[in-house]
Amino acid sequence: MAQKPSIPKGTRDFTPDEMVRRNYIFDSIKEVFQRYGYMPIETPAMENLDTLLGKYGDEGDKLLFKILNSGDFLNKADDGLLAQKDSNRLTGQISEKGLRYDLTVPFARFVVQHQNELSFPFKRYQIQPVWRADRPQKGRYREFFQCDVDVIGSDSLFNEVELIQIVDEVFRNLGIRVVIKLNNRKVLAGIAEIIGEASRLTDITVAIDKLEKIGLEKVNVELSEKGLTDDAIAKLQPILSLSGSNSGKLDQLAHIFASSELGTKGVEELREVLTIVESLDVETGVELDLTLARGLNYYTGAIFEVKALDMQIGSITGGGRYDDLTGIFGLKNVSGVGISFGADRIFDVMNQLELYPPEVTTTTQLMFVNFGPKEGAHCLKIASQLRKEGLKVEVYPDSAKMKKQMTYANKKNIAFVALVGEEEMNAGTVTLKNMESGEQSAMKVEDIIRTFTE
RNA sequence: GUGAUUGUAGCUCAGUCGGUUAGAGCGCCAGAUUGUGGCUCUGGAGGCCGCCGGUUCGAAUCCGGUCUUUCACCCCA
């Protein structure tokens, strides 16, 4: 007896029904990317482990899927480490490759390797799965697709603006109501500087990132536990309780940052981006959010996050500017900025809110009922003719019972069925039946084409 | 990774105190209906009760482990 098949934790299968919906999402996103001049690339599912390690922080390193070396991998392993069961150190000896954790780091590697073939600024998009050994939850998978757009080799804030326009267009096209949250790492660094804890930037950002979720008091407790002085925490309070419009917040921040060069720079950048965005026809709300931190530690400037307004789920898109990701791979002074659309979360939102336009789920427009070998062969010819006109047509392959064929068309949501039996063959006509209204009439092939293409 | 939680037919779920042959609705297949689907009626198929082990005369039910699901933390798309 065969064992019951299963798939690994946190992964999922997609049925044809789900794939048409997913492809609609991918196509919508791709179409916007292309309209802004981004070109596609792909990179391997696996990367060398040293390309990936150390780019996502300690937590990220733990979440990397590592691939066991081929062959007798234990042969080369150190006996001492083996005996001690020291997994951490042993890993380096038995695994040299890992599954990619995101698309940004492989992209940086790609840019460095291909720097002489590329012209900068280089704009690319990339839609591929990534893997994280996270514990799965709703909206959190171990394998999921990211749709990344990045510009590299340009410092201009126009790029940040363009990414906001892209986010706006993508979600408007898909019909998802969202808010774009914007912040800047320089502002966060400025805050750390001002309160006299410049070296604790990560601890501070991780803590204030939770402000909305756990409240001010608990954030302060956490900051204190992380070892911040009471004085520093006290200095932080007015910043955390900033409120009002984006420009109002920026004005207050500018004042606070009077003595911080870095913070001032961050405020200026935010102000410029927001000012330009306001002059364009961006409909999505862009909200300055000082508590937005983002864990990936390669960000250095603007950081973005997009939240769905009508569904409780983690952020569905996120990104930011990284000034020196390529530096690690030997290409200095190349700044990039990009964002990543989380296709699987977008898929979950679209499903929950049922945002698909009706035509997305229609595949076949017209199905020919098969009355027998002779009639079927005749239908095949008409079907080819219709396909040349761009119609999506199928001929039922077996001369099964009428009821079975009709039921098939029904299930597949096919709007029209064509009946061509001996009578129609002799008359040179096709009986076209509307499956919704039940109406049917005999017509010539040209009439059918006209019905569908008008 | 830490702490909880879930698993019974293709799907959603009942299943009493441990007790004979594990049920329902939906779906599926067939017939009523030979070239006309959806509605109705009739009949049928489909289950290692997640998996492994233990307790017991006897386990879907109790116990342990494991896998999976969902949730919180952590982190994130």
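Remember, it's a predicted structure, so these values are computed and weren't measured experimentally. Naming convention: chains lettered A, B, ... in sequence-line order (proteins, then strands); numbering from 1 in each chain.
With sequence neighbours excluded, the residues forming a ring-ring contact (aromatic ring centres under 6.0 Å, His included) with A:Tyr396 are A:Tyr408, listed by chain and number. Applying the ring-ring contact (aromatic ring centres under 6.0 Å, His included) criterion to A:Phe329, with sequence neighbours excluded, gives no partner residue. With sequence neighbours left out, the side chain to side chain donor-acceptor pair (under 3.5 Å) criterion links A:Gln440 to no other residue. With sequence neighbours excluded, the residues satisfying side chain to side chain donor-acceptor pair (under 3.5 Å) with A:Ser154 are A:Asn159. Here A:Ser224 pairs with nothing under the side chain to side chain donor-acceptor pair (under 3.5 Å) rule; sequence neighbours left out.
In this structure, A:Ile303 places its CD1 atom 15 Å from P of B:C75, rounding to the nearest Å. Put simply, CD on A:Gln312 is 18 Å from P on B:C76, counting in whole angstrom units. Remark: P of B:C76 and CD1 of A:Ile346 are 19 Å apart, rounded to the nearest angstrom. One atom, CG of A:Asp134, and another, P of B:A72, lie 13 Å apart when rounded to the nearest Å. Rounded to whole Å, atom C1' of B:C75 lies 20 Å from atom CH2 of A:Trp131. In this structure, NZ of A:Lys307 is placed 11 Å from C1' of B:C76, rounded to the nearest angstrom.
Both thresholds, 5.5 Å between centres and 30° between ring planes, are not jointly met by A:Phe341 relative to the base of B:A77, so the two rings are not stacked.
Using a 4.0 Å heavy-atom cutoff across all strands shown, A:Glu422 reaches at least one base atom of the nucleic acid. Looking at heavy-atom distances under 4.0 Å, A:Gln405 makes no contact with the nucleic acid at all.
The pair A:Arg450-A:Glu446 fails the salt-bridge criterion, with no side-chain N (NZ, NE, NH1 or NH2) lying under 4.0 Å from an Asp/Glu carboxylate O. Note on A:Lys62 versus A:Asp58: no salt bridge recorded, every NZ/NE/NH1/NH2 to OD/OE distance being 4.0 Å or above.
Remark on RNA chain B: of its neighbouring residues A:Ser315 and A:Phe371, the 5'-side contact belongs to A:Phe371, judged by nearest-heavy-atom nucleotide.
Atom name C1', nucleotides B:C17 and B:U40: the rounded distance is 43 Å, in whole Å. Atom name P, nucleotides B:A77 and B:U12: the rounded distance is 30 Å, in whole Å.
A:Phe371 has its side chain out of reach of A:Cys379: every pair of non-hydrogen atoms, C-beta onward, lies at least 4.5 Å apart.
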Listed pairs under 3.5 Å, donor-acceptor, residues 310-320 of chain A side chains, sequence neighbours left out:
| from | atom 1 | to | atom 2 | distance (Å) |
| --- | --- | --- | --- | --- |
| A:Asp310 | OD1 | A:Arg177 | NH2 | 3.0 |
| A:Asp310 | OD2 | A:Arg177 | NE | 3.1 |

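Near RNA chain B, meaning a heavy atom under 4.0 Å away, the residues from residues 205-217 of chain A are A:Val206, A:Lys210, A:Lys213.
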Sequence-aligned protein contact record of nucleotides 36-46 of chain B, with B where the base is within under 4.0 Å of a protein heavy atom and S where only the sugar-phosphate is: BBB--------
All N/O contacts under 3.5 Å from nucleotides 67-71 of chain B to the protein, with atom names and distances to one decimal?
| from | atom 1 | to | atom 2 | distance (Å) |
| --- | --- | --- | --- | --- |
| B:U68 | OP2 | A:Lys9 | NZ | 3.4 |
| B:U69 | OP1 | A:Gly10 | N | 3.3 |
| B:C71 | OP2 | A:Lys138 | N | 2.2 |

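If you look at A:Tyr125 and A:Tyr36, their ring centroids are not closer than 6.0 Å.
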Secondary structure of RNA chain B per the Watson-Crick/G-U criterion (both distances under 3.5 Å; [ ] crossing, | other strand, . unpaired) is ((((..(..((((.....[...)))).(((((.......))))).....(((((..]....))))))..))))....
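Within a 6.0 Å radius of CE in A:Met46, no more than 12 heavy atoms belonging to other residues, nucleotides or ligands are found.
Applying the ring-ring contact (aromatic ring centres under 6.0 Å, His included) test to pairs two or more places apart or on separate chains, those with a residue in residues 414-446 of chain A are A:Phe416-A:Phe452. For residues 320-329 of chain A, the pairs satisfying side-chain hydrogen bond (donor to acceptor under 3.5 Å, both in side chains) are A:Asp150-A:Tyr322, A:Glu160-A:Arg321, A:Thr300-A:Asp323, A:Arg321-A:Ser335, A:Asp323-A:Ser335, with sequence neighbours left out.
Looking only at distances, no side-chain donor or acceptor of A:Arg109 sits under 3.5 Å from a matching main-chain atom of A:Val105.
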